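What you see is a predicted model; the values in this text were computed from it and never measured. Note that these values count all heavy atoms, side chains included, but never hydrogens, waters or copies made by symmetry.
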Amino acid sequence: MRRPGSAVLGLAVALALAATACTPTSPPEPTPTEPTGTTESPTPTSPEPTEEPLAWGPTPTDVAEATAVAAAMSPEEVAGQVLLARYPGTDPAAAAAALTAHHLAGLVLFSENVASVDQVAATGSALQAAQAESGRDWPAAFAVDNEGGLVQRLGAAAGPWTSFPTFMSAGAADDPAVTSAAAEAMALELRASGLNYDFAPDADVTVGPADVTIGMRAASSDPERAARAVTAATAGFTAGGVISSVKHFPGHGSLTVDSHQGLPVQGASAAELAARDLVPFERAVDAGAPTVMMGHIAVEAWDPGVPASVSPEAYRVLREDLGFTGVAITDGLDMGALTQTWSSAEIAVLALQAGADLLLGPVDVPAAHAGIVAALADGSLGRDRVDEAAGRVIALMRWQAAIAADAQAVTTADVGSAAPASLALSAAAITQVAGQCGRALAGDTIHVRGGSRADWDGFVAAAEAAGLDVVALEQPADTDVRLLTGATPSGSADVAVLLDEPWLLTETDAPTRLAVYGRTAQAFEAVAAVLTGAAPAPGTLPVEVSGLPATVC
């Protein structure tokens with residue numbers, strides 16, 4: 001089998017030799033000429049041609065060189081370089097030990113790994129020190145799932161980190177500049193905490209109420225609007241010096257089974273997928289997305305019954321049809337869609353055979369590592385395939401070091417500084433679908449009903465800061481405001497403020513209705529400004545809601 005990258009490396013060497021052959025070793029003797037009475041400027045020297053980078057950042061030569069590094073590793077080392085694992089507890093030394101035990105590409109942080117900003121940053125430092133001690137000139141990956149909304153390991157609930165609204169806010173705002181700025185601000189806080197890889201943004205196209213898994217994690221039900229949000233967020237993460245990962249290829253937003261529990265089956269035709277689910281992924285690939293996360297989704301039109309994360313045809317579509325040259329990472333290998341059928345070792349080998357480059361979170365990391373080494377030994381997994389995967393991962397991490405060096409310098413003191421960007425995104429997203437626009441929507445005194453106690457407290461704090469007087473229900477008030485959520489989706493009021501999925505706006509008869517797409521302190525601040533008339537509601541519904549306009553403003 002031909003070693004991946006050998007053609008590119010050979011071409012680079014040939015070009016270098018040709019350039020050397022065409023360059024004289026000493027200046028040529030001047031040729032005498034007759035005087036002409038004019039002075040001619042010397043012919044400018046043409047600059048040396050520079051190699052064009054791949055869409056996701058590195059050049060072909062960068063990838064070829066990284067692949068050569070992988071090829072020089074032992075089977076045990078190269079097997080570790082395609083694994084990204086969970087780790088126990090909050091001790092930085094234990095995290096570093098987990099990294100080196102199996103030569104891992106990196107670790108993934110979850111809520112149980114967080115005690116404080118300083119502790120998370122110390123974990124990042126420990127990982128990079130262990131990586132350097134191993135003789136590697138590229139960073140270890142230190143990753144996290146931080147989308148905003150419910151999927152946010154590092155938000156205000158975990159410490160001083162800024163919470164961000166759901167990604168559907170980006171779809172409602174439909175403002176690439178605001179979306180990109182929010183992603184960059186999130187990236188800067190993550191990098192200030194020692195992290196360098198975020199599993200975001202979500203490129204799924206939701207189908208609305210039938211979407212039981214993704215919901216407001218998706219930007220929109222409109223593929224083009226979702227694509228604009230995804231490409232803007234990807235650019236923002238890159239500007240902040242953090243790797244991003246568009247997910248969950250080929251799209252989870254139109255499925256009715258959660259892949260954490262079972263195997264979702266996508267019955268759409270290839271043409272239907274291309275026109276809907278694949279659009280945000282294709283746009284993100286064209287715009288330079290560095291990694292794509294493969295979902296555990298069986299696509300009947302491609303490979304019936306086989307999850308995309310272990311399907312050769314799914315990787316072929318991503319590579320050949322969409323033109324992706326970056327790192328293909330699996331969704332978590334601990335999810336029911338896979339573990340109900342295969343062991344950790346089997347899953348790891350199947351994913352690599354299919355075309356995965358980076359394997360996320362096996363249930364049994366030692367078993368997955370041993371399975372890869374054994375498959376290399378018996379020939380069921382080609383060494384060239386693993387070298388290709390590890391080479392892409394090494395090139396990715398070298399690229400991350402470069403974009404981090406170009407990004408704003410940060411320290412742990414910068415954690416919590418992203419609140420203005422979070423506020424700007426929420427303010428741009430707020431959508432009014434009923435009532436009169438362009439004026440104050442509430443009087444000076446208000447009642448507030450609905451929502452959880454945390455929702456009520458957050459909204460009331462923002463309302464009072466905006467100058468509204470929240471009074472007890474037994475006292476008279478100018479305006480009744482009701483917070484609508486998935487848990488409290490209905491009820492009468494003068495103004496309904498929806499914090500969850502926008503299709504719940506049909507569950508109330510309130511004459512004035514607002515969609516907020518989140519429940520952060522900044523989202524409450526933004527909606528309070530709309531209620532007092534200090535700010536407009538510029539957003540539009542990013543999904544169709546029967547009987548309601550996209551906006552009345």
Would you give the length of the straight line joining atom [atom1] of [X] to atom [atom2] of [Y], rounded to the nearest 0.5 angstrom?
{"X": "L499", "Y": "M216", "atom1": "CG", "atom2": "CE", "answer": "8.0 Å"}
{"X": "L425", "Y": "Q522", "atom1": "CG", "atom2": "CD", "answer": "10.5 Å"}
{"X": "L505", "Y": "L514", "atom1": "CG", "atom2": "CG", "answer": "8.5 Å"}
{"X": "T330", "Y": "M294", "atom1": "OG1", "atom2": "CE", "answer": "9.5 Å"}
{"X": "T59", "Y": "E65", "atom1": "OG1", "atom2": "CD", "answer": "7.0 Å"}
{"X": "L358", "Y": "T291", "atom1": "CG", "atom2": "OG1", "answer": "8.5 Å"}

Heavy-atom closest contact ([X] atom, [Y] atom, distance):
{"X": "V299", "Y": "P250", "result": "CG2-CG, 3.6 Å"}
{"X": "P280", "Y": "A226", "result": "CG-CB, 4.0 Å"}
{"X": "F199", "Y": "A143", "result": "CZ-CB, 3.6 Å"}
{"X": "A192", "Y": "A121", "result": "O-CB, 4.4 Å"}
{"X": "L396", "Y": "P290", "result": "CD1-CB, 3.9 Å"}
{"X": "V246", "Y": "A203", "result": "CB-CB, 4.2 Å"}

Quiz question: by atom type and distance under 3.5 Å, do the side chains of [X] and [Y] form a donor-acceptor pair?
{"X": "T485", "Y": "T488", "result": "yes"}
{"X": "S311", "Y": "W302", "result": "no"}
{"X": "R276", "Y": "S254", "result": "yes"}

So do the side chains of [X] and [Y] get within less than 4.5 Å of each other, counting heavy atoms only?
{"X": "F110", "Y": "D145", "answer": "no"}
{"X": "S244", "Y": "P201", "answer": "yes"}
{"X": "F459", "Y": "V516", "answer": "no"}
{"X": "T508", "Y": "R482", "answer": "no"}
{"X": "T162", "Y": "M186", "answer": "no"}
{"X": "W138", "Y": "Q400", "answer": "no"}
{"X": "D137", "Y": "R398", "answer": "yes"}
{"X": "H252", "Y": "D331", "answer": "no"}

* More than 12 foreign heavy atoms under 6.0 Å from CD of E112: is that the case here? -> yes
* To do: Might you confirm whether atom CD of E224 has over 12 heavy atoms from other residues, nucleotides or ligands at distances under 6.0 Å?
  => yes
Side chain of [X], backbone of [Y]: donor and acceptor closer than 3.5 Å?
{"X": "D457", "Y": "A454", "result": "no"}
{"X": "N146", "Y": "R153", "result": "yes"}
{"X": "E507", "Y": "L504", "result": "no"}
{"X": "H296", "Y": "G332", "result": "yes"}
{"X": "S180", "Y": "A177", "result": "no"}
{"X": "S163", "Y": "A156", "result": "yes"}
{"X": "E525", "Y": "L423", "result": "no"}
{"X": "Y315", "Y": "V310", "result": "no"}
{"X": "Q408", "Y": "G240", "result": "no"}
{"X": "E189", "Y": "S417", "result": "yes"}

NZ/NE/NH1/NH2 to OD/OE distance under 4.0 Å, [X] and [Y]:
{"X": "R228", "Y": "D175", "result": "no"}
{"X": "E147", "Y": "K247", "result": "yes"}
{"X": "D357", "Y": "R319", "result": "yes"}

* Carefully, step by step, assess E501 and T206 under the rule side-chain contact (heavy atoms from CB on, under 4.5 Å). => CA-CA 11 Å; E501 287 84 355; T206 184; over 6 Å; no
* Asked: Going through the checks in order, is the side-chain contact (heavy atoms from CB on, under 4.5 Å) test met by L278 and F249?
  -> CA-CA 8 Å; L278 298 188; F249 186 85; 3.7 Å; yes
* Would you please classify the geometry between the F142 ring and the Y87 ring as parallel, tilted or perpendicular, with 30° and 60° separating the classes? => tilted
* Evaluate the side-chain contact (heavy atoms from CB on, under 4.5 Å) criterion for residues V242 and L195: first the C-alpha distance (whole Å), next the side-chain angles of each, then the deciding distance (0.1 Å), finally the verdict. => CA-CA 8 Å; V242 167; L195 292 121; over 6 Å; no
* To do: Start with the C-alpha gap between D62 and E51, add the side-chain angles, then the distance that decides, and say whether side-chain contact (heavy atoms from CB on, under 4.5 Å) holds.
  => CA-CA 10 Å; D62 292 334; E51 187 178 24; 6.0 Å; no
